[in-house]
Amino acid sequence: MILKERIELFFTQDIDKIDRQSAIQTFNELKFFLNVGDVRAAAPSSAEGNHGGWIVNDWVKKGILLGFRLGELTDVSIDEHFKYFDKNTYPLKKITLENQIRIVPGGSSIRDGSYIASGVMVMPPAYINVGAYVGSGTMVDSHALVGSCAQVGERVHLSAAAQIGGVLDPIGAMPVIIEDDVFVGGNCGIFEGTIVKQRAVIAAGVIMTGSTPVYDLVNAKIYRKTKETPLIIPEGAVVVPGTRAVTTPFAQEHRVSLYAPIIIKYRDSNTDAATVLEESLR
Ligand SMILES: CC(C)(COP(=O)(O)OP(=O)(O)OC[C@H]1O[C@@H](n2cnc3c(N)ncnc32)[C@H](O)[C@@H]1OP(=O)(O)O)[C@@H](O)C(=O)NCCC(=O)NCCS
């Protein structure tokens, strides 16, 4: 049976009755392919049923959840002072100098079962969870999170405290996708399967979830998640944090407005200058 079929079968089985040895072997195979980037939680595709050019491999998330069910709490302490306890199926990713990833010392963790391309830079403290995919030349800055199964392209800048949500808890269908050359500003939160297309710029402090409508002032359009499609931020859009008026009489009386991400413009030379990446840091 191919890996996908074995995972789907084990996923349906009662964990107390499962053949642990072959389930763990299957899970380890999945992690091997995730680690080298040959299997992804979502992958670019123009096949039927794609969302914004991406197909979700649901069985990968099932495999990751299977790993949590199979895992046993183990002492993974560094010494008697630095005590850690985690599931034995989820150690840290084994990284060597040959991987050519810069991991600046101090408080970052990269979980096994994630793919990190060479040339990625991780500033402390940052966390990259299982199933995540991070493309070459990307900077994961301090306090940034790359959540479970999130797909981050090449030359992306995840600024300080940018939070890219995962799909495991609470359980979500679609991982967040950040395409190549996107700039995500400080303190942003991108959650619930949002797709950010190439070269878009997300200004500091923008939060986007599956429930957040995004107002495009340039094209006079509103983007939102539907039953069939996730929230998709168009290529090159510059999204800033804004507000929209609430129009019920009570809200008007009290001047209530709601937070709203706004596409104020599309990327131009000003934006390029404001978001240029410093080559010498890489
Ligand atoms: C989005 C950003 C890059 C600016 O983009 P830009 O293309 O240079 O924007 P411009 O300066 O041309 O501004 C265009 C319009 O958007 C408005 N605008 C720009 N950034 C804005 C923001 N963050 N919030 C609200 N409005 C903003 C400007 O006021 C201007 O409108 P106006 O003409 O009515 O005054 C910048 O706001 C930003 O968020 N930088 C990231 C900072 C950061 O997180 N750094 C990481 C450190 S680790």
Side-chain angles (χ1 to χ4, degrees), residues 1-13 15 18-20 22-71 86-95 109-117 120 127-136 138 140 145-154 156 164-180 190-196 210 225 228-230 232:
M1 235 191 284
I2 60 167
L3 182 60
K4 172 178 184 290
E5 287 167 4
R6 275 179 287 147
I7 282 177
E8 283 180 330
L9 184 64
F10 282 125
F11 187 74
T12 59
Q13 292 176 354
I15 203 70
I18 212 164
D19 174 353
R20 285 189 70 81
S22 34
I24 285 176
Q25 196 189 325
T26 296
F27 170 67
N28 284 339
E29 263 178 64
L30 170 68
K31 269 203 310 188
F32 171 82
F33 288 117
L34 287 172
N35 273 324
V36 295
D38 283 354
V39 163
R40 294 174 64 169
S45 169
S46 53
E48 200 182 318
N50 79 83
H51 297 301
W54 290 79
I55 284 278
V56 180
N57 294 320
D58 198 38
W59 65 275
V60 172
K61 189 173 65 182
K62 288 183 182 162
I64 289 171
L65 289 170
L66 177 71
F68 280 101
R69 286 190 208 157
L70 291 166
D86 201 3
K87 300 246 174 169
N88 59 355
T89 41
Y90 281 102
L92 294 179
K93 186 176 170 72
K94 290 191 173 53
I95 298 172
S109 292
I110 302 177
R111 219 176 208 173
D112 201 21
S114 58
Y115 170 74
I116 318 292
V120 166
Y127 191 76
I128 303 179
N129 208 344
V130 59
Y133 181 105
V134 183
S136 183
T138 284
V140 182
L145 165 73
V146 183
S148 50
C149 298
Q151 306 290 303
V152 179
E154 298 184 358
V156 169
I164 308 301
V167 287
L168 294 183
D169 203 15
I171 200 97
M174 173 92 191
V176 173
I177 291 162
I178 311 287
E179 291 193 349
D180 295 348
I190 304 178
F191 306 109
E192 296 186 318
T194 301
I195 300 181
V196 182
K225 182 184 173 179
E228 293 78 36
T229 51
I232 301 177

Distance in Å, [X] [atom1] paired with [Y] [atom2], rounded so as to fall on 0.5 Å steps:
X     : Y     : atom1 : atom2 : answer
Ile55 : Glu48 : CD1   : CD    : 9.0 Å
Ile15 : Phe10 : CD1   : CZ    : 9.5 Å
Leu66 : Thr12 : CG    : OG1   : 10.0 Å
Arg20 : Arg69 : CZ    : CZ    : 12.0 Å
Glu8  : Met1  : CD    : CE    : 10.5 Å
Ile7  : Ile2  : CD1   : CD1   : 10.0 Å

Student check: side-chain heavy atoms of [X] and [Y] closer than 4.5 Å:
X      : Y     : value
Val39  : Trp59 : yes
Leu168 : Lys61 : yes
Leu70  : Ile18 : yes
Thr26  : Leu3  : yes
Lys31  : Pro91 : yes
Leu34  : Ile64 : yes
Arg111 : Asp86 : yes

Does [X] use its side chain to pair, donor to acceptor, with the backbone of [Y] at less than 3.5 Å?
X      : Y      : result
Lys93  : Ile110 : no
Ser148 : Gly166 : no
Asp38  : Phe33  : no
Asp180 : Gly153 : no

Could you check Tyr90 against Phe27 for ring-ring contact (aromatic ring centres under 6.0 Å, His included), going step by step and ending with a plain yes or no?
-> CA-CA 11 Å; Tyr90 281 102; Phe27 170 67; 5.4 Å; yes
Could you report the tightest heavy-atom contact between [X] and [Y], atom names first, then the distance?
X      : Y      : answer
Met174 : Trp54  : CE-CB, 4.4 Å
Val120 : Ser136 : CG2-CA, 4.3 Å
Ala150 : Gly165 : CB-O, 4.1 Å
Gly147 : Ala132 : O-CB, 3.9 Å
Pro230 : Ile195 : CG-CD1, 3.8 Å
Asn88  : Gly71  : OD1-CA, 3.4 Å

Give a yes or no on this: more than 12 heavy atoms of other residues, nucleotides or ligands lie within 6.0 Å of atom CZ of Phe32.
->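 Result for CZ/Phe32: open.
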